[in-house]
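Reading through the structure tokens given below for one structure.
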Amino acid sequence: MQVITTASEMQYACRALKNNRTLGFVPTMGALHDGHLSLVHRALSECAAVAASIFVNPTQFAAGEDYDVYPRTFDADCAKLEAAGVSLLFAPSATEMYPPGATTFVEVASIGDRLDGASRPGHFRGVATVIAKLFNIVGPDRAYFGQKDAAQIAVLRAMIRDLNFPVQLIACPIVREPGGLAMSSRNRNLSADDRRRALILHHALRAACKLLQTGETNAEALSSAILTAFANDPHVRLDYAAIVDPATLLPVSDTAHGALIAVAAWVGSTRLIDNLLTENLPIDSLLIDNLLLEAPHV
Ligand code: AMP
């Protein structure tokens with residue numbers, strides 16, 4: 001695996017690697033876990049060659065957020081990507097991506113101000129900008145993103161459509177730890193107690209899932225089951241529980257035609273997110289990602 005730190009070299013190497021074949025791309029912020037690697041494996045199974053990036057993007061963190069303490073495990077990440085079969089890794093510095101004087105940003109209006117965009121003003125402006133830049137640098141045919149960041153997927157699909165990026169966005173299922181906690185680089189920052197508490201996000205979604213299985217589609221009823229689950233632990237502060245259209249992120253009153261049920265919560269000083277998509281209803285297969293495959297009782 002070749003590790004490249006400048007945009008111009010990466011552009012050149014990606015063109016050579018692509019050579020009329022399908023190029024897959026997996027952008028990450030590093031501190032890689034099996035969720036990230038599931039994207040890499042999916043990309044490798046569908047593309048002739050795969051490039052990845054590791055870049056903790058400062059523009060998607062507001063002042064006072066966790067940019068400085070975001071986990072960074074570069075050497076271990078390189079070993080994982082190389083072992084998986086990634087050909088090119090782009091790992092630029094912040095000044096390489098944002099040279100002095102850089103003033104151009106990509107803003108996905110409206111959608112970018114919903115869910116995490118509402119809680120973290122400017123977050124999706126940073127995300128859309130860095131992904132647009134990475135698409136221009138790598139030139140992938142297919143880009144792989146995790147369903148865990150469901151709002152990010154909605155924002156990026158809108159950006160790809162609006163700016164005519166010749167890229168297909170592939171959304172991949174959420175990978176969970178054995179107890180059900182969605183894998184996240186930020187889980188590394190959780191204390192043992194907080195890690196136990198963090199399960200509440202999963203439990204709340206399971207509560208909604210159980211209701212869905214009984215045929216309930218009313219968003220208020222589903223929301224109330226989620227809020228009840230969060231009320232159980234005063235140490236976990238709910239940021240939002242939203243039942244929305246997965247493409248527009250606007251609230252829906254009923255999930256019968258498919259909805260995204262998303263939660264965000266502060267566990268100690270760490271903000272975590274999780275979600276489920278109801279689009280696979282009827283859910284008699286119990287497969288909403290792998291949300292119901294493991295058992296801790298709510
Ligand atoms: P990040 O490094 O957090 O920016 O994530 C890079 C990519 O990995 C994004 O597309 C995420 O949605 C995806 N990702 C993160 N956690 C998971 C997970 N538990 N399962 C699947 N994909 C994930």
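Both ligands and their constituent atoms are indexed starting at 1 by order of listing. Please read all numbers here as calculations on a predicted model, not as lab measurements.
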request  = To the nearest 0.5 angstrom, please state how far the CG atom of Leu169 sits from the CZ atom of Arg161.
outcome  = 12.5 Å
ask   = Val236 and Ala265: which non-hydrogen atoms are nearest, and at how many Å?
value = CG1-CB, 3.9 Å
query = Under a single-linkage definition using a 4.5 Å side-chain heavy-atom cutoff for Ile, Leu, Val, Met, Phe, Trp and Tyr, are Tyr98 and Phe61 assigned to the same hydrophobic cluster?
reply = no
request  = Work out which heavy atom in Phe124 is nearest to a heavy atom in Gly112; give both atom names and the distance.
outcome  = CD1-O, 3.4 Å
inquiry  = Tell me which residues fall inside the under-4.0 Å heavy-atom shell around ligand 1.
reply    = Pro27, Thr28, Met29, His33, Gly35, His36, Leu39, Tyr70, Phe145, Gly146, Lys148, Asp149, Gln152, Pro173, Ile174, Val175, Met183
task = May I ask you to decide if His33's main-chain N or O and His36's side chain share a donor-acceptor pair within less than 3.5 Å?
result = yes
query = Does atom CZ of Phe105 have more than 12 heavy-atom neighbours, drawn from other residues, nucleotides or ligands, at distances under 6.0 Å?
reply = yes
